Structure formats: C-alpha cells, structure tokens
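By convention here, the first residue in the shown sequence is residue 1. Keep in mind it's a predicted model, so treat the numbers as computed, not measured.
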Amino acid sequence: MGQIEQGLERALRTRSVPSSTEARLRFLLAAHRGSTRRVAAVLGVSQRTVQRWVTKKPGARRPPGPTQVRAIEETVLARWQPRVRARRRAQAEAEGFVFHTRARFGFAAAAGSSDDPRVRWIAQDLPGEVARELFAARDAGAGEQQQTVILARALGHAYFREWGRRAHGLHIAFSDIEFADFSIG
C-alpha cells in the first residue's frame with residue numbers, strides 16, 4: 001500500500017484500527033456476536049483454531065501464524081467503521097478536501113528555474129471532482145502511479161496554474177512522495 005492509499009485510509013477513519021492481533025480478534029468476535037464459527041469462516045480456518053487463539057487458558061493458547069495475522073488484519077480493515085467511511089467519502093466528494101504532502105513537485109522546467117521540481121511542503125485545497133476521480137481510480141484497482149498522476153494534475157492546476165489563470169500547457173512533475181495526508185471536512 002502506497003503513501004496515497006494510506007493517506008486516504010487514514011482520512012476515512014475517525015478512530016484508529018486496533019493494533020494488536022488480540023484486539024483485532026476481539027473486534028471480529030464482537031462483530032460476529034461472539035461466534036468463533038463465523039469468525040473462522042471469514043478467516044478461512046477451523047473453529048477450533050480460532051478458539052485456540054482467543055482462549056483464556058494459559059497452556060492452551062496458540063498465537064496465529066504470520067499468514068493468519070495478515071488475514072486478520074485485512075479482515076478488520078475491511079470491516080472497520082463502514083458507515084463512517086461512507087459518510088466521509090461522500091463529504092469529500094461533495095465538498096472537496098485539503099491535501100497535505102511533502103514531495104518533489106514542480107514544472108518540468110530548466111534547471112535553476114524557480115519552478116524546477118524540488119521537495120516542497122504543500123497543503124492545497126482540492127475540489128470534490130478530484131476526490132471523486134481519486135476514489136473511482138482506487139475502486140477500479142488503480143495503483144500508486146495512477147493516483148499520483150491524478151493528484152499531480154490537480155495540484156498543478158491549483159498550485160502552479162492558480163486555477164487556470166497562468167502557466168498554461170506546462171507539464172507538472174510530482175514524485176518522491178514522503179507522506180500524503182488528506183483533511184476532510
């Protein structure tokens with residue numbers, strides 16, 4: 001998962017996802033009303049295996065292996081705050097968002113130009129159309145590179161071109177993303 005995808009995920013949540021495997025298992029059990037059978041079906045393991053993971057008996061407890069830990073994490077992430085995520089996504093698509101980043105950004109210009117690509121801190125308001133395009137690309141399975149192109153086009157239009165008032169037709173360079181955060185609402 002790239003920086004942009006991680007930033008989008010953070011923006012859609014209001015509470016952090018449980019960090020320990022035990023807490024994630026407790027969440028899954030609560031979501032499935034305490035049924036180890038349902039949790040086992042979701043994770044693709046036996047009911048007895050889930051019972052071993054969550055038992056309180058000191059000698060009977062067995063931790064999940066690395067493959068199961070990844071499956072637990074993915075399952076929890078997919079089920080964490082679905083209504084909140086939908087509401088925040090709709091808000092971003094309607095009202096836009098603020099994009100915060102530190103990345104190499106600028107025009108593909110001659111070296112020494114003030115607009116030459118360099119590492120910049122940017123916090124830019126972007127409209128809902130960009131959010132819609134970004135979420136649609138993510139839903140279609142677009143990779144980090146395609147999402148970077150969408151943000152480069154939007155940032156170039158808003159940041160350098162001042163919403164179409166100057167610098168028409170110049171190519172924007174946007175790469176080496178150190179972090180990407182989104183503020184919604």
Side-chain angles (χ1 to χ4, degrees), residues 1-20 23-24 27-28 31 70 72-185:
M1 188 182 299
Q3 293 292 332
I4 295 170
E5 183 72 25
Q6 289 175 2
L8 281 172
E9 286 299 317
R10 283 191 302 269
L12 293 176
R13 293 190 294 254
T14 57
R15 292 185 306 149
S16 59
V17 178
S19 57
S20 71
R24 290 175 179 164
F27 168 75
L28 287 175
R70 280 192 299 278
I72 292 167
E73 180 181 9
E74 290 170 4
T75 304
V76 169
L77 286 175
R79 288 169 170 72
W80 189 252
Q81 294 187 313
R83 289 182 297 219
V84 171
R85 292 167 51 85
R87 185 176 63 240
R88 291 185 57 95
R89 178 179 174 161
Q91 183 180 5
E93 290 176 347
E95 302 170 7
F97 59 89
V98 179
F99 180 57
H100 308 270
T101 189
R102 179 174 161 87
R104 185 166 307 281
F105 183 64
F107 283 131
S113 164
S114 65
D115 294 337
D116 190 35
R118 65 177 185 265
V119 176
R120 301 173 193 249
W121 289 85
I122 297 174
Q124 182 66 47
D125 230 351
L126 295 175
E129 295 85 36
V130 176
R132 280 190 291 279
E133 187 177 358
L134 201 55
F135 284 122
R138 188 184 75 157
D139 292 345
E144 186 81 2
Q145 183 63 33
Q146 290 168 309
Q147 293 172 347
T148 301
V149 168
I150 293 167
L151 286 171
R153 187 174 52 244
L155 283 173
H157 186 67
Y159 186 81
F160 277 120
R161 295 186 184 114
E162 293 178 358
W163 303 103
R165 287 187 285 241
R166 65 182 186 103
H168 304 285
L170 293 175
H171 178 69
I172 301 298
F174 183 55
S175 61
D176 304 333
I177 300 171
E178 292 179 19
F179 73 90
D181 281 326
F182 300 82
S183 297
I184 299 171

Criterion side chain to side chain contact (heavy atoms under 4.5 Å, CB included) on V17 and E73, from CA distance to verdict: CA-CA 9 Å; V17 178; E73 180 181 9; over 6 Å; no
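- In this view, R10 and D181 satisfy the side chain to side chain donor-acceptor pair (under 3.5 Å) rule, not counting sequence neighbours.
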Derivation of the side chain to side chain contact (heavy atoms under 4.5 Å, CB included) call for L12 and V84: CA-CA 7 Å; L12 293 176; V84 171; over 6 Å; no
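- Scored by the side chain to side chain donor-acceptor pair (under 3.5 Å) test, E74 finds no partners at all (sequence neighbours excluded).
- E93 contributes atom CD, which lies 9.5 Å from atom CD1 of I184 (distance to the nearest 0.5 angstrom).
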Derivation and outcome, side chain to side chain contact (heavy atoms under 4.5 Å, CB included), residues T75 and R24: CA-CA 9 Å; T75 304; R24 290 175 179 164; over 6 Å; no
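- Here the straight-line distance linking atom OG1 of T148 with atom CG of L155 works out to 10.5 Å at 0.5 Å rounding.
- The backbone N or O of G143 lies less than 3.5 Å from a partner atom in the side chain of Q146, making a donor-acceptor pair.
- Within the 4.5 Å cutoff, side-chain heavy atoms of E178 are placed close to those of V119.
- For residues 132-155, the set of pairs meeting the ring pair (Phe, Tyr, Trp, His ring centres under 6.0 Å) definition, not counting sequence neighbours, is empty.
- Distance OG/S183 to CG/L126: 11.0 Å, rounded to 0.5 Å.
- The backbone N or O of R13 sits nowhere less than 3.5 Å from a side-chain atom of R85 that would complete a donor-acceptor pair.
- For residues 132-142, the pairs satisfying salt bridge (charged side-chain N to carboxylate O under 4.0 Å, His left out) are E5-R138, E9-R138, R89-D139, E129-R132, E133-R153, with sequence neighbours left out.
- To the nearest 0.5 angstrom, T101 atom OG1 is 8.5 Å from L151 atom CG.
- Closest heavy-atom contact between E144 and G2: OE1-CA, 3.2 Å.
- Applying the ring-ring contact (aromatic ring centres under 6.0 Å, His included) criterion to F27, with sequence neighbours excluded, gives W80.
- In plain terms, the two heavy atoms of I4 and F182 that are nearest each other are O-CE1, 3.7 Å.
- S20 pairs by the side-chain contact (heavy atoms from CB on, under 4.5 Å) definition with E22, A23, not counting sequence neighbours.
- Contact detail for A142 and Q147: the closest heavy-atom pair is O-NE2, 3.9 Å.
- We find the CG-CZ distance between D125 and F97 to be 9.0 Å, quoted to the nearest 0.5 Å.
- Within the model, atoms CD1 of I177 and CD of Q6 stand 11.0 Å from one another, a figure rounded to the nearest 0.5 Å.
- Among the candidates R118, R102, R104, the single residue satisfying the salt bridge (charged side-chain N to carboxylate O under 4.0 Å, His left out) test with D176 is R104.
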Stepwise side chain to side chain contact (heavy atoms under 4.5 Å, CB included) test for Q124 and V98: CA-CA 5 Å; Q124 182 66 47; V98 179; over 6 Å; no
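- Here the shortest heavy-atom pairing between A152 and F174 reads CB-CB, 3.5 Å.
- The ring of F105 has its center no closer than 6.0 angstrom to the ring center of W121.
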